[in-house]
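This report concerns only the one structure given below.
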Number of protein chains: 2
Amino acid sequence: MIEPEKLSEHVERLNAELRRGLIVLVVMSQLEEKQYGYSLLKQLEEKSFSITQDTLYPMMRRLENQGYLQSDWQLDDNRPRRYYQLNEFGQAVLDALRKDWKTQLRIIEEIVR
Amino acid sequence: MIEPEKLSEHVERLNAELRRGLIVLVVMSQLEEKQYGYSLLKQLEEKSFSITQDTLYPMMRRLENQGYLQSDWQLDDNRPRRYYQLNEFGQAVLDALRKDWKTQLRIIEEIVR
DNA sequence: AACAATACTGTATGATATACAGTATAATAA
DNA sequence: TTATTATACTGTATATCATACAGTATTGTT
């Protein structure tokens, strides 16, 4: 039996776990439009969705490996940036996922109250 | 680069991942009232939230280890059943988690559209 | 008598968010 | 000029946990 430490630590850990799977949905939905990692990072920050480099960069690489994203290097302002965007397959996956999510959400909201 | 197989397989995997962290919230919210594993399983099934024994039983054990639940064996109808319920700490954690979740949800809904 | 439903236990595995460690340039402040 | 912060990545390690797998035993039901 683990000793109950500070409440907030527990809540934070559970909250992080809770956001876990949602992050993909959030990120994919933002990649309907072309973005590079850092710009997406700032954009989500702006929208009050906290995410770090440690989470975002590996996730984008993974989403590309899984075949949802297409990426290319672009040189703007003399700076190389790796731009990502959903490809056709990724867009189809996102559309379906979004639909499932909305159904799930109704069920969960009913249960959690 | 992984070959894009059937769309539905991808969507299902992502959807499962999406539900991942939410399950704790769902289960804890049901354990404000005393329940044994199998009854909770059937109750959630009834409410269209699909979850299997493989997920539920280990989770309840874990939530008890983490100090959120209290459990005891009861003999009803001559059958031994292990009843679980949130303890005081678990209730406090749930209350805070629920609150955070509602905030998170508003943000996510705004982003995902 | 056979089978499904009920009601658990214990341990293994795989996916992945996050952590850690590092590189390099541009902009800004001291 | 120099230091610091912001920008913008890369690669690999770790910890958590949903799910899988394997098993036990009793109570209906057909």
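In this text the structure is predicted, and so the values were computed from the model without any measurement. Convention: sequence-line order gives letters A, B, ...; per-chain numbering from 1.
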Verify the distance criterion only: is there a donor paired with an acceptor across the side chains of B/Asn87 and B/Gln85 at less than 3.5 Å?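 Short answer, no.
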Pair B/Tyr36-B/Asp76, side-chain donor/acceptor within less than 3.5 Å: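 B/Tyr36 vs B/Asp76: no donor-acceptor pair found between side chains.
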Say whether, by atom type as modelled, one donor and one acceptor occur between the side chain of B/Arg98 and the main chain of A/Val112 under 3.5 angstrom.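 Flag set: sc B/Arg98 to bb A/Val112 pair under 3.5 Å.
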Main-chain N/O of A/Lys47 paired to B/Glu110 side chain as donor or acceptor, under 3.5 Å: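 No; judged by distance alone, with no hydrogens or angles, the pair does not exist.
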Could you check how far [atom1] of [X] sits from [atom2] of [N], rounded to whole Å?
{"X": "A/Leu41", "N": "D/dT10", "atom1": "CG", "atom2": "P", "value": "13 Å"}
{"X": "A/Gln43", "N": "D/dT7", "atom1": "CD", "atom2": "P", "value": "14 Å"}
{"X": "A/Asp72", "N": "D/dA8", "atom1": "CG", "atom2": "P", "value": "16 Å"}
{"X": "A/Lys42", "N": "D/dC9", "atom1": "NZ", "atom2": "C1'", "value": "14 Å"}
{"X": "A/Met60", "N": "D/dG11", "atom1": "CE", "atom2": "P", "value": "15 Å"}
{"X": "B/Leu75", "N": "C/dA7", "atom1": "CG", "atom2": "P", "value": "12 Å"}
{"X": "B/Leu40", "N": "C/dC8", "atom1": "CG", "atom2": "C1'", "value": "14 Å"}
{"X": "A/Glu12", "N": "C/dT18", "atom1": "CD", "atom2": "P", "value": "12 Å"}

Given D/dA8, C/dT6, C/dT9, the nucleotide with the shortest approach to the side chain of A/Tyr38: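 Output: D/dA8.
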Among C/dA7, D/dT7, D/dT10, the nucleotide that comes nearest once only the side chain of A/Arg82 is considered: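 From the listed options, D/dT10 comes nearest.
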Are A/Gln91 and A/Met28 close enough, and set up right, to give a side chain to side chain contact (heavy atoms under 4.5 Å, CB included), and what steps lead you there? CA-CA 8 Å; A/Gln91 184 68 61; A/Met28 284 181 80; over 6 Å; no
B/Ile111 vs A/Gln30, side chain to side chain contact (heavy atoms under 4.5 Å, CB included): CA-CA, chis, key distance, verdict: CA-CA 8 Å; B/Ile111 294 172; A/Gln30 295 312 283; 3.1 Å; yes
In residues 94-113 of chain A, which residues come under 4.0 Å of DNA chain C by heavy atom?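 Within residues 94-113 of chain A, no residue comes under 4.0 Å of DNA chain C.
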Residue-phosphate contact under 4.0 Å: A/Tyr36 side-chain N/O, D/dC9 OP1/OP2: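 For D/dC9, OP1/OP2 do not have a side-chain N/O of A/Tyr36 under 4.0 Å.
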Carefully, step by step, assess A/Phe49 and A/Arg19 under the rule side chain to side chain contact (heavy atoms under 4.5 Å, CB included). CA-CA 10 Å; A/Phe49 188 85; A/Arg19 288 161 32 98; 3.6 Å; yes
Salt-bridge contact B/Lys42-B/Glu45 (side-chain N to carboxylate O under 4.0 Å):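 Yes, charged N to carboxylate O under 4.0 Å.
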NZ/NE/NH1/NH2 to OD/OE distance under 4.0 Å, A/Glu9 and A/Lys6: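 Judged by the 4.0 Å cut-off on N to carboxylate O distance, A/Glu9 and A/Lys6 do form a salt bridge.
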Nucleic acid footprint by protein, nucleotides 17-30 of chain D - heavy-atom cut-off 4.0 Å, B for base, S for sugar-phosphate alone: BSBBB----BS---
